[in-house]
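Below is one structure; the comments refer to it alone.
Keep in mind it's a predicted model, so treat the numbers as computed, not measured. Every chain is numbered from 1 and lettered A, B, ... according to where its sequence line falls, protein lines coming before strand lines.
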Amino acid sequence: MSRKPRILSKPSATILRMFVDDPRAELFGFQILKETGIPPGTLYPALRALAEDREFLLHRLEDIDPVEAKRPARRLYRLNIDNAGAARAALAEVANRRSTTARMPTGSRRGAVTA
Amino acid sequence: VIAAVTVFVILALVGGMLHRAGARVLDWILPGGINYYLAEQVARLCIRLAGTAAARDAATDLLANLKTVDRDDRASYRPLAECAPVLRRSVGSARARSFVPLFVGVNLVGASAAMGVVLASRAPGYAVLTATVSATAAVTFLGFVTGRRVSRRERDRRRAEGHPGSDDARD
């Protein structure tokens, strides 16, 4: 049974914020990795989840000839403009939840943030 | 003997590569050109092994990034440590964890056998090969011990933070 997370995880929120801050940007995983320092084991599944499960991002393969460029085509991600409002709302929810969690006593924080 | 030693060295390299600590030591030991070549081969292997779309994206990005490095800079570039997490992801973290003790075991047995051959034959030519095998076995072992400790701590931290990549869910 697939588990649909209610609120974004911290790394997913960091990634999504990059796209929301620059809605025209088309970024690939390695670029985001270098900028945010999120490890690849977390970054790439998060990008896929943001694009396919939540539909906040769109993705396509880079339009190059791998033989001519002598390298494989990267997968490029950009903000799904149709869902930009929902993406901003999700980020706002994360920020809101984080400030609420910060005010909670330590013992009652467990389970406050879902994946 | 040379064939056996070669196999052990390759196993040691792959075993060492499965943990970032092992890969860092390999980065330190191996000179730039060989390091770059190995990293490129590991990236190609990762693309083949990748069981998930996310792992394939990571491996493709890694190879594309390696290919964009200037030819002149490749001799001084040491990217093996960057490959370790991608290789782990491609193999699958759980499978990687179970592979490493196997690699360590095989290498320690290999190093002992090579040492035995040297002692029995008293052939000094094998001493270099034995030293290489022993060094790579030691690297694998160090990588395994350090990596296990680090990965346990990392896993707990990621679970607590709710990272989407904290389990081995296949897509």
Quiz item: Do L62(B) and L27(A) sit in the same hydrophobic cluster, where Ile, Leu, Val, Met, Phe, Trp and Tyr count as joined when their side-chain heavy atoms come under 4.5 Å apart?
Solution: no
Tightest non-hydrogen contact, residues P45(A) and A54(B), listed as N-CB, 3.6 Å
> Is it the case that more than 12 heavy atoms not belonging to D65(A) sit under 6.0 Å from its CG atom?
Replying inline: yes
Subject >> Donor-acceptor pair, side chain of D61(B) and main chain of G29(A), under 3.5 angstrom >> reply: yes
* Assess whether atom CZ of R71(A) is packed by more than 12 heavy atoms of other residues, nucleotides or ligands within 6.0 Å. => yes
Distance col, row T68(B):OG1 vs K70(A):NZ, nearest 0.5 angstrom, shows 13.5 Å
When the 4.5 angstrom heavy-atom criterion is applied to A69(A) and chain B, the contacting part is neither
Practice prompt. Check the hydrophobic clustering (I, L, V, M, F, W, Y; side-chain heavy atoms under 4.5 Å; chains of links allowed) and say if V86(B) and F28(A) are grouped together.
Written response: no
Answer yes if I38(A) and L76(A) sit in the same cluster of Ile, Leu, Val, Met, Phe, Trp and Tyr residues linked by side chain heavy atoms under 4.5 Å apart, and no otherwise. yes
Quiz prompt | Check against side-chain contact (heavy atoms from CB on, under 4.5 Å), T60(B) and R75(A) | solution = CA-CA 9 Å; T60(B) 308; R75(A) 188 163 295 280; over 6 Å; no
d(N65(B) CG, F30(A) CZ) to nearest 0.5 Å is 3.5 Å
Check: Is it true that L63(B) and L47(A) fall in one hydrophobic cluster, defined by side-chain heavy atoms closer than 4.5 Å?
Finding: no
Taken to the nearest 0.5 Å, the spacing of R48(A) CZ from R56(B) CZ works out to 7.0 Å
